[in-house]
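Structure record follows, encoded as structure tokens.
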Amino acid sequence: MTLILGLESSCDETAAALVTGDRQILAHRVAGQEAEHRPYGGVVPEIAARAHVDRLAPLVEGVLADAGVALADVDAIAATAGPGLIGGVMVGLVTGKALAHAAGKPLVAVNHLEGHALSPRLTDPDLAFPYLLLLVSGGHCQLLLVEGVGAYRRLATTIDDAAGEAFDKTAKLLGLGYPGGPAVERAATDGDPRAVPLPRPLVGSAEPHFSFAGLKSAVARAAASGAHSVADLAASFQQAVVDCLVDRSRIALAACPGATAFVVAGGVAANGAIRAALTGLAHDYDKRFVAPPLWLCTDNGAMIAWAGAERFAAGLTDPLDTAARPRWPLDPAAEAVRGAGVKA
């Protein structure tokens with residue numbers, strides 16, 4: 001049984017976890033930064049990086065103590081090496097390198113997106129490759145066929161904003177505070193999802209990709225008109241996102257009849273309305289629907305440790321001179337899409 005220490009610091013959560021190769025989560029800790037970023041309505045990269053510096057070492061000490069193990073008992077150190085805010089990524093990766101060097105353990109440099117992509121397998125041992133994954137987070141919105149560890153075929157991506165980014169920007173426009181996703185979802189419970197006519201970018205088109213910039217701009221115009229309540233704006237925006245995700249996922253499901261399941265992961269996967277709609281879509285295509293527990297959807301150390309465990313089991317480790325990467329596509333061979341702000 002292998003034991004992997006995982007470190008995550010790609011955005012505004014500092015996290016560490018200990019996970020075994022047979023899916024036991026021995027310990028996990030997360031330190032959020034909501035209080036630091038709330039005055040700015042979004043993540044400030046320099047503030048995030050400094051917070052990671054302050055918090056990561058105590059978190060590592062904490063999970064080792066929680067599990068009652070020493071660093072010498074760990075088989076490998078897994079650390080996020082990208083993509084993400086480069087300052088934060090560097091903090092976690094350098095820490096992982098230092099621990100690996102000091103303890104004489106292998107380093108596994110984990111793609112943060114692979115952490116999300118493999119996270120459902122941590123809690124669902126029956127989830128087999130290949131499966132269709134909708135990866136929806138603050139910085140990414142993609143449909144991927146997960147064929148195996150390190151083997152991903154991108155079917156669609158966003159040509160501008162990601163879904164989570166649109167949630168955050170809408171929350172800021174509506175004065176709902178930070179973090180934006182949960183704030184919009186809470187406000188939407190009191191609103192009418194049909195009250196505000198909003199666009200569904202690319203819905204019904206043959207193009208497989210996502211686009212949310214126009215939806216965000218439409219929310220801004222509707223809010224400025226003063227004709228709608230905040231609750232109705234939040235509910236209508238959320239429904240528009242749901243409709244976009246369902247329509248684009250339908251194209252991917254039709255193209256992947258051999259997928260064993262339809263899986264959703266990433267921070268936006270914690271949204272209840274989105275989960276409910278995607279569950280229904282999976283049923284329409286006679287696919288099992290799989291989503292990690294809510295706590296495993298947002299950034300955490302357990303998903304990085306598990307991705308590290310999967311890669312370590314496959315014999316995939318990395319040298320100590322591995323570089324941090326602000327951009328790191330899971331499918332580097334994927335065809336480039338139109339749009340200057342592609343989240344690869």
Please give the remaining members of the hydrophobic cluster of Tyr40, linking ILVMFWY side chains under 4.5 Å, ordered by chain and number.
Val44, Ile47
Determine which pairs satisfy ring pair (Phe, Tyr, Trp, His ring centres under 6.0 Å) with at least one residue from residues 187-233, sequence neighbours left out, and list them in order.
none
Please check this pair: side chain of Glu114 against backbone of Gly150, looking for a donor-acceptor N/O pair closer than 3.5 Å.
yes
Heavy atoms from other residues, nucleotides or ligands near CZ of Arg275 exceed 12 (cutoff 6.0 Å):
yes
Option from Ser10, Ser137, Ser9 for which side-chain hydrogen bond (donor to acceptor under 3.5 Å, both in side chains) with His112 holds
Ser10
Without swapping roles, check the side chain of Ser225 against the backbone of Ala222 for a donor-acceptor pair under 3.5 Å.
yes
Residues sharing Met90's hydrophobic cluster, by side-chain heavy-atom contacts under 4.5 Å among ILVMFWY, directly or via others?
Ile86
Which residue pairs pass the ring pair (Phe, Tyr, Trp, His ring centres under 6.0 Å) test when at least one of the two sits in residues 254-273, sequence neighbours left out?
none
Partners passing ring pair (Phe, Tyr, Trp, His ring centres under 6.0 Å) against Phe237 (at least two apart in sequence or in another chain):
Phe167
Any donor-acceptor pair under 3.5 Å linking the side chain of Arg200 with the backbone of Leu215?
no
May I ask you to decide if Gln33's main-chain N or O and Asp12's side chain share a donor-acceptor pair within less than 3.5 Å?
no
Using a 3.5 Å distance criterion without hydrogens, assess whether the side chain of Asp232 forms a donor-acceptor pair with backbone atoms of Gly191.
no
Crowding at CG, Asp22 (>12 non-hydrogen neighbours, <6.0 Å)
yes
Does the Thr322 side chain pair with the main chain of Pro319, one donor and one acceptor, at a distance under 3.5 Å?
yes
List the atom pairs, donor and acceptor, that lie under 3.5 Å between side-chain atoms in residues 59-66 and the rest of the protein, sequence neighbours left out.
{"residue": "Asp66", "atom": "OD1", "partner": "Arg29", "partner atom": "NH2", "Å": "2.9"}
{"residue": "Asp66", "atom": "OD2", "partner": "Arg29", "partner atom": "NE", "Å": "2.8"}
{"residue": "Asp66", "atom": "OD2", "partner": "Arg29", "partner atom": "NH2", "Å": "3.3"}

Name each donor-acceptor pair under 3.5 Å that joins a side chain in residues 69-84 to protein atoms two or more places apart or in another chain, with its distance.
{"residue": "Asp73", "atom": "OD2", "partner": "Ala70", "partner atom": "N", "Å": "2.8"}
{"residue": "Asp75", "atom": "OD2", "partner": "Leu3", "partner atom": "N", "Å": "2.7"}
{"residue": "Thr80", "atom": "OG1", "partner": "Glu8", "partner atom": "OE1", "Å": "2.6"}

With sequence neighbours left out, write down each residue that passes ring pair (Phe, Tyr, Trp, His ring centres under 6.0 Å) with Phe289, or none if nothing qualifies.
none
Please table the atom pairs, donor to acceptor, closer than 3.5 Å between any side-chain atom in residues 251-259 and protein atoms at least two apart or in another chain.
none

Taking ILVMFWY side chains as joined if any heavy atoms are under 4.5 angstrom apart, and letting links pass through other members, which residues group with Leu85?
Val43, Tyr178
Any pair counted as ring pair (Phe, Tyr, Trp, His ring centres under 6.0 Å), so long as it reaches residues 49-82, sequence neighbours left out
none
Identify, with sequence neighbours excluded, every residue that meets ring pair (Phe, Tyr, Trp, His ring centres under 6.0 Å) alongside Tyr131.
Phe129
